[in-house]
Amino acid sequence: MLPDVQTLEPEIPIGLSRVGARGIKKLVQVKREGKRPIILISTFDVFVNLPSSRKGVNLSRNFEAVDEVIERITWEPVENVEDLVLRMTDELLERHEYADEAEVRMRAELIMRKRTPASEIKTQEVVNIFCNAKKRRNGEEKVMVGVEVYGITVCPCAQELVRANTVRRLEKILSEEELSEVVKLIPFASHNQRGRALIMIESRKEFRPRIEDLIRIAKSSMSYEVFEILKRSDELEVVEKAHFKPMFVEDSVRQMAKALVETFKDAPDDAEVYLRQLNEESIHQHDVIAERRATIGELRKELGV
């Protein structure tokens, strides 16, 4: 009989927080009311903790858990990805009897159809979907679900500099009243960024945030949407609308927080939230980022809700 080396005691008796496998790809179908299921090309990372008395985990059991749960649960479309990843943590704990904590992380690309803003040409966009679940053997569990979307952001600081300089020039040829009207009509130039808005919010049995709502909130936190294909009329629409709504990276995170509180009125106060805006700069070599970790209750208190 071949020895099972993983079950031996380690030379250095230290427990490990997480041991597992990353990058396991599977297809997942998610139900939609009255429509065909959404197909997600998903990647899973699976982990368990390891006590100090054991040399290693049996990694093949992680792959088996993923394969068997996915095949069994997704034979028919699932109601939501939260239940899927929780079932996987249950399987991991069942197969790794020495572990008292299991974690599953899922990320997937959702292909959405939409139309361009002016010419209304059909196009598609990619939205990143996330779902992370952690479960302990005593029954404690925590699930976070989220999205990441792309957009355009326009720098308010540079725009104000351009605006002030333009006003000084126009003051020489226009009356005060004419100048006031012109300033309202012109979308002043500025440098802009390709933005990435990310939202993660805690999901529970009594509170299941809709992915569609998270996508809408993330998109609204930037100056405007981006598109895979654009006609000239669409480019004009995107650029003009974006420059009429300049936003700092900090503004985007605050906008997401406000929209979350307004949208999820039934969310429990202690539900955790993670918000991040990353802007890829166009005139600098660096990128800029803003984040906020909080509970829904903390955000409600700050906003006076």
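- A side-chain N or O of T43 and one of K25 form a donor-acceptor pair less than 3.5 Å apart.
- Looking at I201 and I296, their side chains come closer than 4.5 Å, going by heavy atoms from C-beta outward.
- Counting heavy atoms of neighbouring residues, nucleotides and ligands inside a 6.0 Å radius, atom CD of E97 exceeds 12 of them.
- No continuous path of hydrophobic side-chain contacts links M200 to L86 [ILVMFWY only; heavy atoms under 4.5 Å].
- Minimum interatomic distance between A218 and I199 (heavy atoms only, all atoms of both residues): N-CD1, 3.8 Å.
- Salt bridge annotation for R216-E212: absent, with no cationic side-chain nitrogen under 4.0 angstrom from a carboxylate oxygen.
- Within the 4.5 Å cutoff, the side chain of V28 has heavy atoms near those of the L84 side chain.
- When atom types are taken as modelled, the side chain of R137 and the backbone of A99 share a donor-acceptor pair closer than 3.5 angstrom.
- Between E82 and V145, the closest heavy-atom pair is OE2-CG1, 4.1 Å.
- For the pair V183/T166, no side-chain contact is recorded, criterion being any heavy-atom separation below 4.5 Å from C-beta on.
- Between H286 and H284, the ring planes lie parallel to each other; the angle is under 30°, not in the 30° to 60° tilted range.
- Contact check for S42 versus L27: no side-chain heavy atoms found under the 4.5 Å cut-off.
- Electrostatic pairing of E103 and R18 counts as a salt bridge here, judged by a charged N lying under 4.0 Å from a carboxylate O.
- Electrostatic pairing of R208 and D83 counts as a salt bridge here, judged by a charged N lying under 4.0 Å from a carboxylate O.
- Closest approach of A133 to T89, counting heavy atoms only: O-CG2, 3.9 Å.
- Between the S223 side chain and the K245 main chain, a donor and an acceptor come within less than 3.5 Å of each other.
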Apply the test side chain to side chain contact (heavy atoms under 4.5 Å, CB included) to residues F44 and K26: give CA-CA distance (whole Å), side-chain angles for both, the deciding distance (0.1 Å), then the verdict.
-> CA-CA 8 Å; F44 294 90; K26 294 289 176 183; 4.0 Å; yes
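- F207 and V273 fall within a single hydrophobic cluster, where Ile, Leu, Val, Met, Phe, Trp and Tyr side chains are chained together by heavy-atom contacts under 4.5 Å.
- Salt bridge R204/E202: present, at least one basic N to carboxylate O contact under 4.0 Å.
- For L185 against F244, the heavy-atom pair with the smallest separation is O-CZ, 3.4 Å.
- Atom CZ in R194 sits 11.5 Å away from atom CG in D287 (nearest 0.5 Å).
- Across every non-hydrogen atom of A118 and E237, the tightest pair is CB-CB, 4.4 Å.
- Taking 4.5 Å as the limit, every side-chain heavy atom of Y224 sits out of range of all side-chain heavy atoms of N192.
- Rounding to the nearest 0.5 Å places OG1 of T153 at 3.5 Å from CG of N279.
- Residues L16 and V48 share a hydrophobic cluster, clusters being chains of Ile/Leu/Val/Met/Phe/Trp/Tyr side chains in contact below 4.5 Å.
- Linking ILVMFWY side-chain heavy atoms closer than 4.5 Å, directly or via other members, places V85 and F47 in two distinct hydrophobic clusters.
- A search for side chain to side chain contact (heavy atoms under 4.5 Å, CB included) contacts involving E160 returns R163, not counting sequence neighbours.
- Residues E181 and K184 are paired through a salt bridge, judged by an N-O separation under 4.0 Å between the basic side chain and the carboxylate.
- For CD of E206, the number of neighbouring non-hydrogen atoms (other residues, nucleotides, ligands) closer than 6.0 Å is greater than 12.
- With rounding to the nearest 0.5 Å, the separation of CG in L230 from OG in S119 is 7.5 Å.
- The number of heavy-atom neighbours closer than 6.0 Å to CG of L236, taken from other residues, nucleotides and ligands shown, is above 12.
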Dump the intermediate steps for side chain to side chain contact (heavy atoms under 4.5 Å, CB included) on F130 and L198, then the final yes or no.
-> CA-CA 10 Å; F130 305 93; L198 183 143; 4.0 Å; yes
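- The closest side-chain heavy-atom distance from H191 to E281 is below 4.5 Å.
- Both V127 and I38 are part of a single hydrophobic cluster, where members link through side-chain heavy atoms under 4.5 Å apart.
- Under a 4.0 Å N-O distance rule, the pair R115/E120 does not qualify as a salt bridge.
- Of the residues L40, I129, D45, the one that meets the side chain to side chain contact (heavy atoms under 4.5 Å, CB included) test with M106 is L40.
- With a 4.5 Å cut-off on side-chain heavy atoms, L110 and I215 count as touching.
- Considering CD1 of I173 and CD of E171, their distance stands at 11.0 Å, rounded to 0.5 Å.
- One side chain, E178 or S175, offers a donor N or O that lies under 3.5 Å from an acceptor on the other.
- The backbone N or O of R87 lies less than 3.5 Å from no partner atom in the side chain of D90, so there is not a single donor-acceptor pair.
- Taking 4.5 Å as the limit, every side-chain heavy atom of N132 sits out of range of all side-chain heavy atoms of V143.
- In this structure, the separation between CZ on R169 and CG on L179 is 13.5 Å, given to the nearest 0.5 Å.
- Annotation: the span from Q124 atom CD to I229 atom CD1 amounts to 11.5 Å, rounded to 0.5 Å.
- Checked for salt-bridge contact, K205 and E141 meet the test: a charged N lies under 4.0 Å from a carboxylate O.
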Audit row: S203, M144, side chain to side chain contact (heavy atoms under 4.5 Å, CB included) steps and yes/no = CA-CA 6 Å; S203 177; M144 300 287 289; over 6 Å; no
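- The list of salt bridge (Lys or Arg N to Asp or Glu O under 4.0 Å) pairs with a residue in residues 223-234, not counting sequence neighbours, reads K114-E225, K219-E225.
- The pair R113-E125 fails the salt-bridge criterion, with no side-chain N (NZ, NE, NH1 or NH2) lying under 4.0 Å from an Asp/Glu carboxylate O.
- Residues S221 and A197 share a closest heavy-atom pair of OG-CB, 3.7 Å.
- Between N49 and S17, the side chains place no donor N or O within less than 3.5 Å of an acceptor N or O (distance only, hydrogens not considered).
- Salt bridge status for D269 with K301: absent, with no side-chain N to carboxylate O gap under 4.0 Å.
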List the steps and the verdict of side chain to side chain contact (heavy atoms under 4.5 Å, CB included) for K135 and K142.
-> CA-CA 6 Å; K135 190 164 188 175; K142 185 173 184 179; over 6 Å; no
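- For E280 and Q193, the side-chain atoms include no donor-acceptor pair closer than 3.5 Å.
- Here the rule is side chain to side chain contact (heavy atoms under 4.5 Å, CB included) with M256, and of R276, M222, Q277, R292 only Q277 fits it.
- A salt bridge does not link R254 to E250: none of the charged side-chain nitrogens sits closer than 4.0 Å to a carboxylate oxygen.
- Panel note: side chain T263, backbone L260; no donor-acceptor pair is recorded below 3.5 Å.
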